[in-house]
Structure formats: C-alpha cells, structure tokens
Amino acid sequence: MPEIEQFAAPGSEWWRSAVIYQIYPRSFADASGDGIGDLPGITSRLDSLKDLGVDAIWLSPFMTSPQRDAGYDVADYRDVDPLFGTLADFDTMLEAAHARGIRVIVDLVPNHSSDQHVWFQEALKAAPGSRERARYIFRDGTGENGELPPNNWESVFGGGMWQRVTEADGTPGQWYLHIFDATQPDFDWTNEEVREEFRSILRFWLDRGVDGFRVDVAHGMIKADGLPDYTPPSDADSMGGGEANVPYWGQDGVHDIYRDWHELLAQYDGDRALCGEAWLPTLKKTSLWVRPDEMHQTFNFPYLMTAWDAKALGDVIRESLDDFGAVGAPSTWVLSNHDVVRHATRLALTVDNPQGEGIGPHTPNKPDAVIGLARARAATTLMLALPGSSYLYQGEELGLPEAMEIPDEYRQDPTWFRTKHERYGRDGCRVPLPWEADAPAFGFNDTGLSWLPQPDEWATYARDVELADPNSTLSLYTELLALRRAHGFGSGSLVWEDFGADAVAFRRGDVHVVANLGTAPIALPGDATFLVKSQPFAGSELPVDTTVWFTRG
Ligand code: GLC
C-alpha cells in the first residue's frame with residue numbers, strides 16, 4: 001500500500017533543504033604547492049562548486065594544529081594553521097563563497113583539543129586538583145601506586161583511552177582521558193570555564209560571518225558520572241553507532257550544551273545552523289539532537305551505513321522521515337565523508353568492513369569497481385530526490401573510488417599506528433582531488449607534490465575529462481542538482497510506490513523515482529519520459545544498480 005510521508009518543514013530556513021558539499025582542505029586544492037591543500041586553493045576553485053550547483057560548503061578543520069589527526073586536534077581555535085593560510089585568506093574565501101551564493105560552515109571540535117593547546121600545556125605544568133587540570137579529565141590511576149588507568153575504556157583509534165603524565169617534580173603522575181589519540185585530550189564539559197570558552201569561540205567565527213558549524217563528536221562531550229568501566233561487544237562500532245548505554249557516547253547531559261548554543265546562534269541574523277556529528281544506536285535517539293531548541297541538523301549515519309539492499313534502504317528512509325519529522329527537523333542524507341570508505345567502493349563490498357577499518361593493499365576480497373560506481377551513481381540519484389538536506393563529500397561528484405593501494409609508508413591516520421597496522425584507517429578516502437588529467441598532481445597544485453599519492457588511474461576521473469563527457473559522474477551530479485532545485489525536492493512530501501521487492505520507489509509530485517537494487521531488470525511504464533538516468537540505457541527496462549527519475553505521458 002502506498003503511503004504518504006509528510007515532511008515537516010516549519011520554516012523556510014536554508015539548511016532544511018540545502019545540498020552541502022564537504023571540503024577536506026588538505027586534499028581539495030593546493031595554491032602554495034607544498035602538497036597540502038589550503039584556503040587560497042579553495043578560493044581559486046569556488047567557481048567549480050558554483051557550476052556544480054551546491055548551496056553550501058562545510059570545511060573540515062583548518063585551525064592551528066600539529067596535525068596529529070589531520071586538524072581534528074586543534075591547538076588554537078581562533079586562528080588558521082600556516083599550512084592552510086591565514087585568517088585573511090579565510091575572510092577572502094568566505095567573501096568569495098558568499099559572492100557566489102554559497103554558504104560556509106566550519107568545523108568545531110569541542111570534545112577535545114590538541115595536547116599543544118595552551119590550556120593543556122598549562123594543565124601539564126599545574127598540580128593535581130588545580131583549576132588548570134579541571135579543564136580536562138585528569139584522574140588518579142588505580143593499582144597500588146596509580147600505575148593502572150582509572151578505568152578500562154578503549155580509544156576509538158585503538159589502545160587505551162588514558163595517558164599517564166609525569167608531574168612537574170618528575171614523578172609518575174595522574175592520567176588524562178582521550179577518546180581519540182593521546183594527543184587529543186578530552187575537555188571536561190561539566191566545567192563552566194570550558195563552556196564559556198566555547199561560547200566565545202562560536203562568537204569569534206559567527207562574527208566573521210560563517211553560516212554555521214559542523215560539530216565534531218557531538219555525542220561524546222559528556223561522560224557518565226563516575227566514569228564506570230565499559231566493555232563493548234566484540235563487533236562494536238568504535239564511534240558508538242551500534243550500542244545503547246555507552247558511558248562516553250550519547251549521554252543526556254549533551255542536550256544542555258546544544259540548547260545553550262542554539263540560543264547563542266539565534267542572536268545572529270541569517271539562520272546560522274549547527275550540524276551534529278552524532279553516531280547513535282537509533283534514528284529515534286538521533287532525532288533528539290535536533291529538537292526545535294537544539295541542533296538544526298545531525299548527520300544520518302544509519303542511512304550512510306545501510307548496505308545496498310532495497311528493504312533495508314526503504315526502511316531507513318521511512319524511519320528517517322518519521323523520526324526527524326516527529327521533532328520538526330529535516331532529515332539529512334549522506335553517503336560519504338572523510339571517515340568512511342567512499343561509497344563508490346563501499347556499496348560493492350561483499351564482506352564486513354566496519355567504519356575506521358579502511359581498505360589497503362592486503363585487504364582480501366576487494367570490491368568490484370564497476371559495480372561500485374554503478375551503485376554509487378544510483379544511490380546518489382536516489383538520495384538527491386529525497387526531501388531534506390544532503391551532504392556530498394569532495395570527489396564523489398567525480399565518482400572517485402577509495403584509494404586502496406596506498407603504500408604503508410605514506411599512511412597518516414592515527415588508527416593505523418595505534419592499532420599497530422591492524423586497521424588501515426581512513427587515508428584511502430582522503431587522497432587529493434584530480435582536477436586536470438595532464439597536469440602535475442592532476443592539477444591539485446602545480447608542483448606535483450601530494451601528501452598522499454594519487455593513483456595513476458585517477459587521470460580518467462579528472463574534472464576536466466568529466467566536464468567534457470555528458471555521461472560522466474560529474475555531468476550526472478550537475479544535472480541532478482539542477483533538477484532537484486528546479487523541482488524543489490529539498491522539501492515537501494513523498495508518496496511511496498510499488499515496483500517490487502527489489503526496488504525503492506516513490507513519487508515527488510509528478511516525478512517518479514525508481515531505484516533497482518536487485519539482480520534483474522525492472523519493467524517501467526511504457527509512457528515514461530525520463531528526466532535523468534543514473535547510467536545510460538535504452539528501452540523501458542530499468543537495469544540493475546540503476547535509478548531513474550521520470551514523468552508519465
Ligand atoms: C570525528 C572526525 C574524525 C576525527 C574524530 C576526532 O569523528 O570526523 O575525522 O578523527 O572526530 O576528532
């Protein structure tokens with residue numbers, strides 16, 4: 001029975017329906033030529049994003065950082081790291097984006113700082129129990145002489161979650177908590193001084209004119225009282241996506257913080273927005289992050305993690321519209337980002353590959369590239385027809401696969417080191433973009449340097465090659481974004497349709513959207529007039545791993 005999903009759209013705020021393109025600054029475009037992307041590089045390539053047709057960009061961190069976790073280890077929240085340029089370069093980029101009608105979201109990393117942050121350096125020099133230590137989570141060790149960590153928690157990147165310090169007098173001292181790398185100490189968010197500091201950091205960027213923040217590890221900021229021991233199941237998702245009641249994920253105390261920030265943003269004009277990175281066990285719980293007085297958006301990771309299966313995909317879309325709709329928030333949709341295997345590869349996986357594991361030279365059963373790309377194009381063609389806000393990750397518009405053959409000596413993800421090379425980590429989705437097939441570093445810069453090696457075959461994915469090909473993935477994305485805008489698909493309702501158990505199918509107004517996730521072609525109505533096909537085909541049989549938008553008559 002077809003059902004109608006009414007998508008709740010209380011206002012006309014831009015973020016309810018926006019397509020937001022994630023820029024990973026290290027790998028987007030490199031104006032300085034040092035092999036690492038930068039802000040002037042982004043400015044120089046903004047026209048390509050305007051041509052693509054996105055509404056906003058989100059930039060992964062470019063603030064001062066020793067880069068132990070590619071910038072997610074911030075040493076100064078109010079400045080730009082020299083690797084990426086200067087604050088003046090940021091202002092220039094922001095102005096240039098706004099001049100093209102593109103909004104700009106920056107990444108806020110509030111769960112932890114870098115160990116090079118002045119507060120952490122002060123904490124190391126100060127005594128146990130001091131005001132300086134109280135900004136982070138320092139505890140005495142257990143065991144006879146405090147030689148054992150305060151509890152049994154394990155870091156997302158592997159190994160323990162505690163690091164012991166040497167006190168100022170040279171004796172072995174307290175331990176500090178780090179959910180991620182040991183160079184990323186967690187703040188104590190029960191401390192009002194931490195809260196006040198972050199209010200001021202938010203104002204710093206809002207005053208400069210940013211349109212919002214993507215909030216890193218939004219579900220980790222509050223830890224359960226008493227820091228009780230916790231042993232995750234052996235197949236647990238390291239970011240907490242699968243389990244309820246984890247003492248460091250999804251604690252209720254986080255909501256006060258978001259309400260506080262919501263009020264702060266509301267003091268500014270222009271519908272500034274917060275988007276939370278929260279990996280939670282259910283969509284219902286995720287929807288609590290976006291109640292009307294909290295964050296505006298949160299990433300839909302259950303959707304991202306759904307395998308290429310019609311029933312599972314239909315269910316997660318239904319549930320997303322229901323659960324986010326129930327709190328008056330738009331659903332978001334996302335298929336790739338800088339932490340997961342690119343969806344042109346992931347959707348063809350035949351074996352389990354948990355988030356953070358990555359794929360490298362020794363991974364068995366490598367996914368099929370042709371199937372992966374077909375599915376990725378079909379998945380995106382479906383996603384961009386859904387009501388709500390969609391996130392794209394740089395390079396997916398070129399159909400880039402995961403770089404699976406990066407030699408060990410280039411790897412940079414802390415996961416690789418902390419798991420003693422057991423998990424490859426996330427470098428494979430972070431390789432610098434190919435812009436021009438015949439240029440040094442494929443046009444990423446003009447020196448040919450690249451912080452991660454670009455696979456030779458990426459010449460075929462270069463933007464200039466794809467621009468010239470009407471059947472390229474870039475042409476498909478450009479067409480989809482234009483049609484999505486023309487039909488107002490970012491908001492409104494959706495009517496489910498039945499094209500059999502292997503299809504996900506719905507109607508948006510008079511446009512029918514059908515995706516074939518099965519193993520046999522699906523018959524489409526003979527009077528279908530196609531608006532877009534995720535890959536070319538003739539006739540009215542929808543091939544496998546293909547999505548179409550069509551009208552009738
Ligand atoms: C988030 C980021 C990831 C980073 C981690 C620690 O999950 O997306 O890249 O490593 O937080 O900051």
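Whatever order the structure lists them in is the order used to number ligands and atoms, beginning at 1. By convention here, the first residue in the shown sequence is residue 1. Quick caveat: nothing in here was measured; it's all calculated off a predicted structure.
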Which heavy atom of the protein is the closest neighbour of [atom], given with residue, atom name and distance?
atom: atom 5 (C) of ligand 1; answer: F180 CE2, 3.8 Å
atom: atom 2 (C) of ligand 1; answer: D216 OD1, 3.0 Å
atom: atom 8 (O) of ligand 1; answer: D339 OD2, 2.4 Å
atom: atom 7 (O) of ligand 1; answer: E277 OE2, 2.8 Å
atom: atom 10 (O) of ligand 1; answer: D69 OD2, 2.6 Å

Check contact between R430 and ligand 1, using heavy atoms of the residue and a distance below 4.0 angstrom. yes
Element-labelled atoms of ligand 1 that are located less than 4.0 Å from some non-hydrogen atom of [X]:
X: M239; value: 7 (O)
X: F157; value: 10 (O)
X: H112; value: 6 (C), 12 (O)
X: R214; value: 2 (C), 8 (O)
X: V217; value: 1 (C), 11 (O)
X: R426; value: 3 (C), 4 (C), 9 (O), 10 (O)

Donor-acceptor check, side chain of [X] to backbone of [Y], threshold 3.5 angstrom: yes or no?
X: D38; Y: G41; answer: yes
X: R411; Y: I406; answer: yes
X: R68; Y: S114; answer: no
X: D260; Y: I257; answer: no

How about W119 and Q121: does a side-chain donor come under 3.5 Å of a side-chain acceptor? no
What about the rings of F157 and F180, do their centers lie closer together than 6.0 Å? yes
Here's a test for you: under side chain to side chain donor-acceptor pair (under 3.5 Å), which of Q22, R426, Q394 qualifies with H338? Q22
Only one of R463, R342, R377 passes salt bridge (Lys or Arg N to Asp or Glu O under 4.0 Å) with E397; say which it is. R463
